[in-house]
A.B. asks: 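Can you keep this structure in mind? I'll have questions shortly.
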Amino acid sequence: MNLVTELSEVKNYINGKFERNGQSLMDVFNPSDGNKISSIPMSTKQDVDKAVQAAKKAFPNWSGMTFKERVQIFFRYRSLLEKNMDELTKIVQLENGKTYGEAQAEVLKSMELCEFAVSIPQIIVNEVQEVSKGVECRIERKPLGVVASITPFNFPNMVPHWTLPNVLVLGNTMVMKPSELVPLSTVRMAELLKEAGLPDGVFNIVNGGKEVVEAICDHPDIEAVSFVGSTKVAKIVYKRATSNLKRCVALGGAKNHLIVLPDANPEMTASNVIASMSGCAGQRCMAASVMVGVDKVQHIIDKMVEEAKKMITGDNLGSVITKEAKERIENYIAEAEKNGAKILLDGRNTTVVGKEGGYYVGPTIIDYVTTDMSVATEEIFGPVISIIRAKDLDEAIAIENASNYGNAAAVFTQSGGLAKQVMDRASAGMIGVNIGVPVPREPFSFGGWNESKFGVGDITGRSSIEFWTQCKKTTIKWNPEAQTNWMS
Ligand code: NAD
């Protein structure tokens, strides 16, 4: 299959068909060489409504099927992800610019997310109790109806799977709005879902930008909205969706602190910190952004520089998403330098031979960063790590706690007692001990704290079951005695 030809124009997917109306088009580029690869429709409020009506029509039949029937489709879909892994990986690479290995890891994670979804019937066993003589109460989990999912550019295959399998297995129908920068992966997902036997209208895609997101937040027939993206937009979406009386969980940006203590294993720590800051070109919401070095850690910093020099742009370090992103990241580095920080490794002005139009930033390590610098407080979202020196663990934890964000935090040490202090006192939703990217695996749920997440509960795992369902409570009087009331 020639991916560029096959996906040269992305269409909306509504009621089981790809369709393009009169919408204006926006170009989509391959970030690793800057070439145009596709275009997407900039859809309108009317397109959102059309998708919602299709999802609404599909809901009674889909929610009326047994769990077992819905789950069979996701067993087949998971096998199709595996069968088509190479192609799905190449699509992620093409639109996002990450390395083959990183792109493949996304597809593997999507399969794991499907494995959780097919286990949901084993988790949700409804509750029944005899609450008084001959009277029984039961609680059943029921789907909400039509729900929506809005996704970012950095994981074109995995983040849509944070919601899609659980949402559908639980009996909801959905409208997805992928990032306009990476719309290709969802096209293949729709095709594979159809091949797996998903009825038309259960899953719909509306492409576009702000107008689509606003229409989703405003649509009276959408019951719940999930969002993953920057904190700025997460706040807009959370406020707008909840003011329209919808459920909403909105995951935002991050500024993750890795606290390194002098007793940490130097090799393991250096390789973990560098892998965390440079993996997916630093465009992970779980990426290391600040290393807080406690006391004497110069030997570990020296090793980090050695490790980072092994990251070769265009080889084991992919591109960033756009020209604007490259400029933004380089401006952060320049500002830190101007304000007195020391650039130990400088990734500015990086190009890759043969891919001169690509958007590359090399691995960058900035030392002697102070807490007032923008590289200490703002999300950079590139392969850059800022080192802040702290005299002791209390000061290091205070630096972590001062961040507005709270997605992840980690500690590197060989002391259980000191690790436990960070586990207890860090103000973040996901904590790593000697691990740089502490993503919880299924069935543990994914979600941050503070300005890294708005709303109750997490987006994956058991927690998401609560979010995508509502409880129906039924009281039944089996007792035939007319005079006995249900309170007896
Ligand atoms: P983004 O916020 O720019 O875009 C996310 C979605 O919102 C896209 O679908 C986009 O079309 C839409 N959007 C953009 N501007 C909008 C506006 N003004 N009004 C309404 N909708 C709008 O995010 P991005 O650049 O695609 O992704 C990177 C960000 O996502 C980073 O901040 C990263 O930390 C975050 N992220 C967070 C998590 C998490 O789990 N917390 C996971 C992945 C990415």
Side-chain angles (χ1 to χ4, degrees), residues 1-8 10 28-38 77-114 151-162 178-179 181-189 191-192 271-272 274-288 307-322 325-326 347 350-363 381-383 436-437 439 441:
M1 174 184 184
N2 181 336
L3 295 178
V4 178
T5 318
E6 286 276 330
L7 298 167
S8 63
V10 170
V28 180
F29 298 93
N30 176 347
S32 58
D33 60 15
N35 292 331
K36 180 184 162 185
I37 46 172
S38 187
Y77 177 66
R78 183 217 168 273
S79 298
L80 289 170
L81 291 178
E82 189 169 25
K83 188 172 153 206
N84 294 280
M85 189 177 315
D86 181 57
E87 186 205 335
L88 292 164
T89 300
K90 286 176 177 154
I91 294 173
V92 171
Q93 257 201 302
L94 181 71
E95 61 184 344
N96 176 280
K98 56 180 74 174
T99 68
Y100 188 89
E102 290 165 348
Q104 190 182 50
E106 272 200 53
V107 185
L108 288 166
K109 182 68 191 177
S110 297
M111 286 163 53
E112 189 173 303
L113 289 156
C114 289
T151 60
F153 79 80
N154 61 335
F155 286 96
N157 193 296
M158 181 189 76
V159 170
H161 286 97
W162 277 357
S179 162
L181 301 174
V182 294
L184 307 183
S185 290
T186 34
V187 172
R188 279 302 276 144
M189 283 162 47
E191 289 170 346
L192 295 179
S271 64
N272 254 275
I274 296 306
S276 176
M277 73 83 139
S278 65
C280 301
Q283 299 174 120
R284 276 196 289 221
C285 64
M286 295 294 278
E307 276 298 314
K309 284 182 178 163
K310 296 180 193 162
M311 305 307 302
I312 310 299
T313 36
D315 179 16
N316 57 1
L317 178 59
S319 58
V320 297
I321 192 70
T322 55
K326 176 178 160 71
T350 300
T351 49
V352 172
V353 178
K355 292 184 172 180
E356 285 76 9
Y359 320 127
Y360 293 95
V361 179
F381 227 50
V437 186
V439 175
R441 304 286 293 262

A.B. asks: Judged by atom type as modelled, is there a donor-acceptor pair below 3.5 Å linking the side chain of S278 to the main-chain atoms of A281?
C.D. replies: no

A.B. asks: For the CZ atom of R78 and the NE2 atom of H161, what is their distance to the nearest 0.5 Å?
C.D. replies: 11.5 Å

A.B. asks: Any sub-3.5 Å donor-acceptor pair from Y360's side-chain atoms to S32's backbone N or O?
C.D. replies: yes

A.B. asks: Does the side chain of P363 come within less than 4.5 Å of I274's, by heavy atoms?
C.D. replies: no

A.B. asks: With a 4.5 Å limit on heavy-atom distance, are the side chains of M311 and P383 in contact?
C.D. replies: no

A.B. asks: Judged by modelled atom types alone, do N157 and S185 share a side-chain donor-acceptor pair under 3.5 Å?
C.D. replies: no

A.B. asks: Hey, what do you get for OH (Y359) to CG (D33), rounding to the nearest 0.5 Å?
C.D. replies: 8.0 Å

A.B. asks: Which atoms form the tightest heavy-atom contact between T350 and V361, and what is the distance?
C.D. replies: OG1-C, 4.3 Å

A.B. asks: F155: which residues meet the ring pair (Phe, Tyr, Trp, His ring centres under 6.0 Å) condition with it, sequence neighbours left out?
C.D. replies: none

A.B. asks: Could you grab the distance from atom OG1 of T99 to atom CD1 of I312, nearest 0.5 Å is fine?
C.D. replies: 13.5 Å

A.B. asks: Is there side-chain contact between S38 and L184, with at least one heavy-atom pair below 4.5 Å?
C.D. replies: yes

A.B. asks: Any side-chain heavy atom of I37 sitting closer than 4.5 Å to one from L7?
C.D. replies: no

A.B. asks: How close do P183 and E95 get, counting heavy atoms only, and between which atoms?
C.D. replies: N-OE1, 3.1 Å

A.B. asks: Please give me the minimum heavy-atom distance between R284 and G279, naming the atom from each residue.
C.D. replies: NH2-CA, 3.5 Å

A.B. asks: Is the closest side-chain donor-acceptor distance between D86 and Y100 under 3.5 Å?
C.D. replies: yes

A.B. asks: In chain order, what residues pass the side chain to side chain contact (heavy atoms under 4.5 Å, CB included) check against P160, with sequence neighbours excluded?
C.D. replies: T151, M176, T186, M189

A.B. asks: Under the side chain to side chain contact (heavy atoms under 4.5 Å, CB included) rule, collect the residues that match up with K309, sequence neighbours excluded.
C.D. replies: V305, L345

A.B. asks: Who are the side chain to side chain contact (heavy atoms under 4.5 Å, CB included) partners of F153, not counting sequence neighbours?
C.D. replies: N96, S179, L181, V182, Q283, I321, F381

A.B. asks: Report yes if the side chains of M158 and L113 come closer than 4.5 Å at any heavy-atom pair, otherwise no.
C.D. replies: yes

A.B. asks: Using a strict threshold of under 4.0 Å (side-chain N to carboxylate O), is an ion pair present between E87 and K90?
C.D. replies: no

A.B. asks: Under a 4.5 Å cut-off applied to non-hydrogen side-chain atoms, are E106 and L88 in contact?
C.D. replies: no

A.B. asks: Tell me whether S276 contacts the main-chain N or O of N272 through its side chain, where contact means a donor paired with an acceptor under 3.5 Å.
C.D. replies: no

A.B. asks: For the residue pair L81 and C114, what are the closest heavy atoms and their distance?
C.D. replies: CD1-SG, 4.0 Å

A.B. asks: With sequence neighbours excluded, what pairs up with S271 under the side chain to side chain contact (heavy atoms under 4.5 Å, CB included) test?
C.D. replies: E307

A.B. asks: Find the distance between NZ (K98) and CG (N154) and round it off to the nearest 0.5 Å.
C.D. replies: 6.5 Å

A.B. asks: With distance as the sole test, does E102 use its side chain to make a donor-acceptor pair with the main-chain N or O of C280 at under 3.5 Å?
C.D. replies: yes

A.B. asks: Any side-chain heavy-atom pair from M111 and M85 closer than 4.5 angstrom?
C.D. replies: yes

A.B. asks: If we only count heavy atoms from C-beta on, is the K109 to E112 side-chain gap below 4.5 Å?
C.D. replies: yes

A.B. asks: Name all residues meeting the salt bridge (charged side-chain N to carboxylate O under 4.0 Å, His left out) criterion together with K355; count only those two or more places apart in sequence or in a different chain, and write none if there are none.
C.D. replies: none

